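To start, the structure under review is shown below, and the notes come after it.
Values below: all heavy atoms of this structure, side chains included; hydrogens, waters and symmetry mates excluded. What you see is a predicted model; the values in this text were computed from it and never measured.
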Amino acid sequence: MSATLTILRGENQGKRITLSNDKLVIGRSPDCGLVIPINAVSREHAQLVRINNQWYVKDLKSRNKTFVNDAEVNPDIPVRLRSGDKVIICDNVFEFTDDSEEENRAGGGDDDGTSTVTSTLEARSGQGLLETASAERLRVLLDITNALSATLELEPLLPKIVEQLFTIFKQADRGFVVVRDEATKRLIPKAIKTRRGKDETTARFSTKIINQCIDNGQAILSEDASSDSRFAMSQSISDFRIRSVMCAPLGVTQGKVFGVIQLDTQDRSKRFTQEDLKLLVAVTNQASLAMENARVHEELMRRERRDREMAFAKSVQKGFLPASLPNVPGYEFFAFYRAAQDIGGDYYGFTPLPGQDKIAVSVGDVAGKGVPAALLMARLSAEVRTSVLSSPHAAETVKMLNQALGQAGLMDRFITYAQVTLDYSTHRVSVVNAGHLPPIIRRADGRTEELADNELAGLPLGVMDDYEYQAVEAELNPGDTLILCSDGIYDAMNVQGEPFGRERVLDLLKKTGTSAVQQGKALLEAVEAYSAGRPQHDDITLVCFGRES
């Protein structure tokens with residue numbers, strides 16, 4: 001679905017904004033997807049959200065309100081947007097356009113003398129009702145409309161609607177509000193009303209009539225269902241003694257029918273008329289809009305709950321990462337982390353070894369993304385510290401880490417991991433690689449060396465419990481820098497789908513100065529520029545530290 005906002009009045013007038021994501025927040029905050037830098041606009045003023053391929057605007061309890069076509073948007077009830085609608089925020093006006101929006105066409109009917117199909121959902125067969133309906137019927141319709149527009153909790157309201165219908169359809173013996181589950185096609189009664197209250201526990205509806213109404217999206221009126229050719233051979237109609245029946249579809253604005261309101265009689269002398277059906281369709285139209293609003297509201301609340309939960313999870317995960325960089329005499333440190341999703345599976349850490357002039361620098365990458373990867377990342381964070389503090393030898397540390405994670409179970413996942421133990425009294429590093437990208441030393445003269453690569457790179461953590469890892473030793477001279485990163489750097493794609501790759505990383509490091517901060521920032525800027533126009537598809541972690549010149 002291609003939808004856009006065109007700025008009719010305000011900054012960048014005439015600009016078209018493509019709604020490529022499912023949500024666009026509009027406000028004064030620079031974090032918003034559409035920024036309006038005006039004090040009268042709230043920090044997060046309104047949001048556009050796509051639900052089931054339909055766009056809605058919701059006011060985020062802003063100070064100066066949000067309007068659609070001059071009508072104020074209730075913060076609790078999102079407003080469906082259609083092509084040509086004007087969204088107004090203070091002095092800013094935006095026109096919404098949906099290029100793929102199609103108007104549903106009204107269907108026709110048939111009349112065989114004993115039964116009639118009079119309208120489709122979009123035909124809105126309540127037309128003409130105001131000219132012909134009695135004062136009592138208009139009052140009931142108004143009461144129902146007011147009740148529906150005043151609430152988003154429909155479960156307790158639907159039985160009251162059927163009860164009110166009984167006050168104007170005196171001939172009705174039974175009434176049902178029924179919805180159909182999309183996945184199972186099962187019909188689920190949401191409200192049942194009978195003229196005699198004791199019959200409500202045994203009242204049954206004909207699935208044949210309701211399914212036909214839902215499948216065709218047409219309101220049905222039958223003077224005598226038992227003799228109606230469309231329902232021939234339906235045992236339920238006979239068993240439930242259904243005589244005159246009318247059934248009107250409940251559906252969303254795009255025409256997708258999800259249920260019905262049905263009234264029927266059990267007495268041959270009691271019959272519904274065309275005017276009765278028109279009133280029933282008018283009620284179902286109002287109920288459809290209210291149910292759609294309730295569903296949209298529920299979906300928005302679910303998304304907002306998820307956003308809050310993800311924001312909390314993000315803050316918790318941030319707590320597993322270092323709050324500050326190490327302060328090591330004669331060395332400079334740089335670190336960067338950004339998840340591809342709300343939370344990620346990359347890890348980095350700095351663990352000082354007590355009583356020694358050593359610090360373990362770790363980078364890990366859990367296979368996969370999202371919540372499962374984040375949970376394993378949290379476990380990795382705890383196990384790294386325990387293992388590092390349990391042994392002064394890097395290879396033994398990684399072996400213990402592998403065993404601990406293997407015994408805990410990684411849910412068929414694995415973790416690539418690299419650990420560099422820096423002895424800053426001797427300026428030597430001990431490097432262990434568990435299936436990770438090889439750490440890189442960038443020498444002061446521009447040469448690059450990859451450590452613990454090829455046959456010196458061990459298996460990822462969680463693959464083999466008793467695996468023996470090897471440590472590779474190297475010396476850091478003044479001006480030398482060591483770089484560790486996750487594959488989010490190497491695998492960053494440009495618009496042509498080509499990865500940034502190892503060679504570009506090595507080439508850039510050769511051309512960058514000897515400062516660890518300079519190299520880290522230059523590498524990130526290069527990756528950002530290279531992948532501009534494409535979403536980040538993997539977590540990015542980068543740690544650089546170097547000996548000062």
Side chains of [X] and [Y] in contact at under 4.5 Å (non-hydrogen atoms):
X	Y	result
D487	T416	no
R379	V366	no
V260	I220	no
H537	D491	yes
L250	S288	yes
L380	L461	yes
D307	K23	yes
L5	F96	yes

Worksheet item: Between the side chains of S486 and D365, does any donor sit under 3.5 Å from an acceptor?
Response: no

Locate the shortest heavy-atom distance separating [X] from [Y]; write the atom from each residue and the value.
X	Y	value
F500	I489	CB-O, 3.5 Å
N21	W55	O-CH2, 3.1 Å
A367	A373	O-CB, 4.4 Å
C90	H45	SG-CE1, 4.4 Å
V41	R28	O-NH1, 2.6 Å
A492	Y530	O-CE2, 3.6 Å

Discussion item. Quick test of your reading: applying salt bridge (Lys or Arg N to Asp or Glu O under 4.0 Å), list the pairs with at least one residue in residues 7-20, sequence neighbours left out, ordered by first then second residue.
Written reply: none

Fill in: Residue pairs involving residues 53-78 (criterion salt bridge (Lys or Arg N to Asp or Glu O under 4.0 Å); sequence neighbours excluded)
K58-E304

Fill in: Geometric class of the Y337/Y348 ring pair [parallel <30°, tilted 30-60°, perpendicular >60°]
tilted

Worksheet item: After noting the C-alpha distance and the side-chain angles of I192 and F205, does the key distance pass the side chain to side chain contact (heavy atoms under 4.5 Å, CB included) rule?
Response: CA-CA 10 Å; I192 299 175; F205 51 81; 5.8 Å; no

Do [X] and [Y] sit within salt-bridge range, that is, some charged N less than 4.0 Å from a carboxylate O?
X	Y	result
K278	E275	yes
K185	D215	no
R303	E299	yes

Discussion item. Would V296 and N293 count as a side chain to side chain contact (heavy atoms under 4.5 Å, CB included) here? Give the steps.
Written reply: CA-CA 5 Å; V296 170; N293 284 339; 5.6 Å; no

Fill in: Among T265, D276, D264, side chain to side chain donor-acceptor pair (under 3.5 Å) partner for Q171
D276

Worksheet entry | Rounded distance [0.5 Å steps], CG in D173 versus NZ in K270 | 4.5 Å

Fill in: L221 CG to L263 CG distance, which is reported to the nearest 0.5 Å
11.0 Å

Practice prompt. Report the C-alpha distance between F272 and V245 in whole Å, list the side-chain angles of each, state the deciding distance to 0.1 Å, and finish with yes or no for side chain to side chain contact (heavy atoms under 4.5 Å, CB included).
Written response: CA-CA 7 Å; F272 296 111; V245 62; 5.6 Å; no

Worksheet item: Would one find more than 12 heavy atoms of other residues, nucleotides or ligands at under 6.0 Å from atom CG of N69?
Response: yes

Worksheet item: So among V177, L279, L280, which one has a side-chain contact (heavy atoms from CB on, under 4.5 Å) with L165?
Response: L280

Worksheet, complete the sentence: Result for side-chain contact (heavy atoms from CB on, under 4.5 Å) between I89 and one of T66, I38, L34, V57 points to T66

Discussion item. Side chain to side chain contact (heavy atoms under 4.5 Å, CB included) for I540 and D346? Distances and angles first, verdict last.
Written reply: CA-CA 7 Å; I540 291 178; D346 276 9; 5.6 Å; no

